2 protein chains.
Amino acid sequence: MNNIIQELRAKRNWSQMELANRLDVSRQTINALERGRYDPSLPLAFKIARVFGLAIEEIFVPDATE
Amino acid sequence: MNNIIQELRAKRNWSQMELANRLDVSRQTINALERGRYDPSLPLAFKIARVFGLAIEEIFVPDATE
DNA sequence: CTTCTATGTAAAGTATGCTTTACATCGTCG
DNA sequence: CGACGATGTAAAGCATACTTTACATAGAAG
């Protein structure tokens, strides 16, 4: 699963810490998501979409196999 | 998180087993999702949306707190 | 050069998602 | 009645998501 979190965050000039605070997760979680270490839970994906004012499908892109 | 999986499945006259097969998960997983025991992973949520031809946001509804 | 902010990463622990095996109940159909 | 398909549930085990603590590196700014 790919995502454009880093790009969306950069547009807003938010640090990973700033975004983490807005989402109520740790900075390490944001870092892991941006670096593709794992996918967020569905509830967190909803929060991320809400923070950026986008649909989940506009932020996350499953690979071919998913 | 609420979802309308059961309703969508019923419309298509699919058993839990039939849907599980289409999604490559166990029947117990479908049952647990319909009964609200837990939320799917994000990759599974994408698959579910694809099977029903809907957006994730049309199937899953976060509670007020999420 | 030192300090500060931002980022990357690791290890250990807890919580959640999903599997397999197994068993119970219910309705339908022979 | 007996068999069968569909559904609900439980326990044990493995994989993934997320946390806290901690340390490293790089760039900007004093």
Side-chain angles (χ1 to χ4, degrees):
Chain A
M1 179 87 70
N2 291 322
N3 71 71
I4 58 167
I5 294 178
Q6 185 165 15
E7 179 187 329
L8 295 169
R9 179 175 64 79
K11 269 192 210 161
R12 287 159 181 77
N13 280 307
W14 291 344
S15 65
Q16 291 182 347
M17 192 59 186
E18 167 94 25
L19 177 55
N21 288 338
R22 287 175 189 263
L23 295 171
D24 272 313
V25 295
S26 69
R27 178 181 69 80
Q28 285 78 353
T29 294
I30 300 302
N31 190 64
L33 296 178
E34 289 190 354
R35 313 222 78 228
R37 290 171 55 74
Y38 50 73
D39 298 321
S41 66
L42 187 56
L44 180 52
F46 266 93
K47 276 183 159 190
I48 293 169
R50 204 180 305 141
V51 160
F52 290 123
L54 294 172
I56 290 177
E57 286 85 348
E58 293 176 303
I59 302 177
F60 299 93
V61 182
D63 336 308
T65 61
E66 286 164 2
Chain B
M1 180 87 71
N2 290 323
N3 70 72
I4 58 166
I5 294 177
Q6 185 165 17
E7 180 187 328
L8 295 169
R9 180 175 64 79
K11 269 192 209 162
R12 287 159 181 76
N13 281 307
W14 291 344
S15 65
Q16 292 183 346
M17 192 57 186
E18 168 94 24
L19 177 56
N21 288 338
R22 288 175 188 260
L23 294 170
D24 273 315
V25 294
S26 69
R27 178 180 69 81
Q28 285 78 353
T29 293
I30 300 302
N31 189 64
L33 295 177
E34 290 189 353
R35 311 223 83 226
R37 291 172 56 73
Y38 51 72
D39 298 321
S41 65
L42 186 57
L44 181 51
F46 266 93
K47 276 183 160 190
I48 293 169
R50 204 178 306 142
V51 160
F52 290 124
L54 294 171
I56 290 177
E57 285 86 349
E58 293 175 305
I59 302 176
F60 299 93
V61 182
D63 337 307
T65 62
E66 288 168 356

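This is a predicted model, so every value here is computed, not measured. Each chain gets a letter, A, B and so on, in the order its sequence line appears, and its residues count up from 1.
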Query raised in the report: Distance check: side-chain N/O of Arg9(A) vs OP1/OP2 of dA6(C), anything under 4.0 Å?
Result: no

hydrophobic_cluster_shared for Tyr38(B) and Met1(B), side chain cutoff 4.5 Å:
yes

Of all heavy-atom pairs linking Thr29(A) and Leu44(A), the shortest is CG2-CD2, 4.2 Å

From CD of Glu18(B) across to P of dT7(D) the rounded distance in Å is 11 Å

Please assess Glu57(A) against Glu57(B) for the test side chain to side chain contact (heavy atoms under 4.5 Å, CB included), listing each intermediate value before the final yes or no.
CA-CA 9 Å; Glu57(A) 286 85 348; Glu57(B) 285 86 349; 2.9 Å; yes

_Once you apply a heavy-atom cut-off of 4.0 Å, does Asp24(B) come out as touching a base, just sugar-phosphate, or nothing?_
sugar-phosphate

Rounded to 10°, the angle between the first-five-pair and last-five-pair axes of the helix from dC1(C)-dG30(D) to dG30(C)-dC1(D) is 20°

Practice task
Indicate whether OP1 or OP2 belonging to dT7(D) is found under 4.0 Å from a side-chain N or O atom of Asn31(B).
Solution key: no

Indicate, with a heavy-atom threshold strictly under 4.0 Å, whether Ser26(B) touches base, sugar-phosphate, or nothing. base

Check whether any side-chain heavy atom of Lys11(A) lies under 4.5 Å from a side-chain heavy atom of Phe52(A), and answer yes or no.
no

Which of Leu54(A), Asn3(A), Asp39(A), Ile4(A) passes side chain to side chain contact (heavy atoms under 4.5 Å, CB included) with Phe60(A)? It is Asn3(A)

Rounded to whole Å, CG of Leu19(B) lies from C1' of dT7(D) at a distance of 14 Å

note: Arg37(B), atom CZ; dA15(C), atom P; distance rounded to Å ~ 17 Å

Here the distance between atom C1' of dT9(C) and atom CZ of Arg35(A), to the nearest Å, is 9 Å

Is there a donor on the side chain of Gln28(A) or the base of dT21(D) sitting less than 3.5 Å from an acceptor on the other?
yes

Atom CG of Leu33(A) and atom P of dA17(D) are separated, to the nearest Å, by 9 Å

Side-chain heavy-atom pair Leu33(B), Val25(B) within 4.5 angstrom cut-off:
no

Just the table, please: protein N/O against nucleotides 24-30 of chain D N/O, every pair under 3.5 Å.
none

(message) If you compare every side-chain N and O of Gln6(A) against the phosphate oxygens of dT7(C) (OP1, OP2), does one of them come in below 4.0 Å?
(response) no

Checking dA6(D), dC18(D), dC18(C) against the side chain of Pro40(A) (C-beta onward), the nearest is dC18(D)

Atom CD1 of Ile30(B) and atom P of dG5(D) are separated, to the nearest Å, by 20 Å

Taking every heavy atom of Arg9(A) against every heavy atom of Trp14(A), the minimum-distance pair comes out as NH1-O, 2.8 Å

pair Ile56(B)-Leu42(A): side-chain heavy atoms closer than 4.5 Å:
yes

Are any of Ser15(B)'s side-chain N or O atoms less than 4.0 Å away from OP1 or OP2 of dG5(D)? no

With a 4.5 Å cut-off on side-chain heavy atoms, are Lys47(A) and Pro40(A) touching? no

(Q) Could you check whether the side chain of Glu34(A) and the base of dT7(C) have a donor-acceptor pair of N or O atoms closer than 3.5 Å, going by distance alone? (A) no

Checking dT19(C), dT9(D), dC18(D) against the side chain of Thr29(B) (C-beta onward), the nearest is dT19(C)

Atom CD1 of Ile48(A) and atom P of dA17(D) are separated, to the nearest Å, by 12 Å

Among the nucleotides dT19(D), dG17(C), dC18(C), whichever has the atom closest to the side chain of Val25(A) is dT19(D)

Shortest non-hydrogen pair, Ala49(B) vs Ala55(B), comes out as CB-C, 4.2 Å

To the nearest angstrom, the CG-P distance between Leu42(A) and dT16(D) comes to 18 Å

